[in-house]
Each structure stands twice: as structure tokens, then as C-alpha cells.
Amino acid sequence: MKLSPFCRFKIEEESMSPNFRHGVHVLTFNWGKIRVGNVAVFADSGHFYLKRVKRIGKNKVYLESDNKRASNKMWHVLRKNIIGRVILKY
Amino acid sequence: MNILRIVDKIFPPVIAYAHCDVPCGIYDSRPAQIAAETVVKMVEKIEGLPKENPTVNDRNLFVRAVWTKEEHARKCKEELLILWTDFFKSEHLEDFPNLHETIWRAAKLCSKNKQEVSMDLALELKKAVDEIAEMFAKAKASSSK
């Protein structure tokens, strides 16, 4: 997937609402740098997830949900598991 | 419909979960049911208090029961909204075509029970929440097959 500069995803569930609601589609750009505040798609245990970048460490990226009522969990993933950052919602 | 959506129809996009967990699947209708049952119990207590010459303890109980009713009606609505927005999916509408209407009605009843002291309304809320719990149980059972 990272070989492609762009990927399309359909979002399920509501922990990134109101910015990204269930059913919305997003386009990611996979070749650029990830920055704090970006919304990114990452891979984990065979699934893909959409979260917002909170902090960037040496080898890890820390992400969290926008909808804190749905989830307070902080994700930390290896940089290589970040697919790309969202550039378009449609 | 924009061009990307047309592309998505031909080449469906991958699903990305905007959820707290794997998905975790950790949902439960019992907290909403317990909250609704508590509302019923509090209305019972409030209605059982003497209407004339209440003692200080009666007034104390009245305040506490009203506060507890308020808090649990709020909690009930919160739990229902979590089930509605996070657990139930569009495919569940095939099995439960009145899903949205039922949850909307129950959420409205949560507010009504905050505004009023009425056993009829409290029991109506409990019945609506039990209906939702039944849908939840069936949906959960069919998804684990």
C-alpha cells in the first residue's frame, strides 16, 4: 500500500466524529511527512485505523481519537505502520 | 457524486476503523437498563414521600432522589447514544427497521424524565430501553456467528 502515493479508505465507527463520521470516505497521501495534528491511517493487527497524530517520537507515532467520549485511548504505532495522512474527505 | 466516489463504486475502498480498539466489541446494554430502572425507582421514592408536613429527612430524601433521577436519566441517554453511534451499523436496519425511531424515542424519554416526575414516563423509558437491549442482544448474537 505504501508503494502507492494515494489510498482511499471508507471510515467506520464514530470515534473521530464530528470531523470524520461513520461512512465518510478519505484519500490519504502516503509519501510525505507526518506532522502533529495530521489525521492519519495506520495498520495494526491486520486492520486499518484512522486517528489524529498527537506526538511523534523517534521510532513511534502517538495518535488519539477526536471524540474523547468514544475513546480516550492513546495509540502508539511504529512509523513504518503509518499508511499516510488524510488529505481529502469526500 | 464526485469522481472519487465513482471510482469507489468500481474499486471499493478499504475500511479504516475510527474506533477505540481492535474493534473492541465491548458494548453492553445493561448500563442503560440499570439507569432506566434507577429512574423508575427514584420516581417511586419521590411519589412515596408525604405531600404535607414533610420532615427535614423527607426533604433530604426528596432532593437526593431528584438528583439521582437526573443523573441516571443523563447516564441512560449517554449509554443509548454509545450503542446507537458505535455499536449498531447500517446493516442492522434490515433486522430492526424501527431502530432509529426507538432510540430517538428513548433519548427523548430520558429528557422527559428529567423534566417531570411521572411513573408512566419512567416505565415508558424502561420499556423503550428494554426494547433496545433486545435488539442489541439479537444483533450481537448474529454477529458472533
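So you know, we letter chains A, B, ... as the sequences are listed, proteins then strands, and number each from 1. The analysis underlying the following values was restricted to heavy atoms, covering all of them including side chains, and did not include hydrogens, waters or symmetry mates.
- In this structure, CD on A/Glu14 lies 12.0 Å from CD1 on B/Ile82, to the nearest 0.5 angstrom.
- Side-chain contact between B/Leu4 and A/Leu88: present, with at least one pair of heavy atoms (C-beta onward) separated by less than 4.5 Å.
- With sequence neighbours left out, the side-chain hydrogen bond (donor to acceptor under 3.5 Å, both in side chains) criterion links B/Thr68 to no other residue.
- Taking every heavy atom of both residues into account, A/Tyr90 and B/Asn2 meet most closely at CB-ND2, 3.4 Å.
- Counting heavy-atom neighbours within 6.0 Å of A/Lys54 NZ, excluding the residue itself, gives a total of 12 or less.
- Applying side chain to side chain contact (heavy atoms under 4.5 Å, CB included) to B/Tyr17 and the options A/Met16, A/His47, A/Lys51 leaves one that passes, A/His47.
- Screening residues 110-129 of chain B for ring pair (Phe, Tyr, Trp, His ring centres under 6.0 Å) gives no qualifying pairs among residues at least two apart or on separate chains.
- By the rule that hydrophobic residues join a cluster once side-chain heavy atoms approach within less than 4.5 Å of another member, B/Val40 and B/Leu61 end up as members of one cluster.
- Looking only at side-chain heavy atoms (C-beta outward), A/His25 and B/Asp8 come within less than 4.5 Å of each other.
- Under the 4.5 Å side-chain heavy-atom criterion for Ile, Leu, Val, Met, Phe, Trp and Tyr, A/Ile34 and A/Leu78 are members of distinct hydrophobic clusters.
- Contact record, A/Arg8 with B/Pro12: NH1-C, 4.2 Å, taken as the closest heavy-atom pair.
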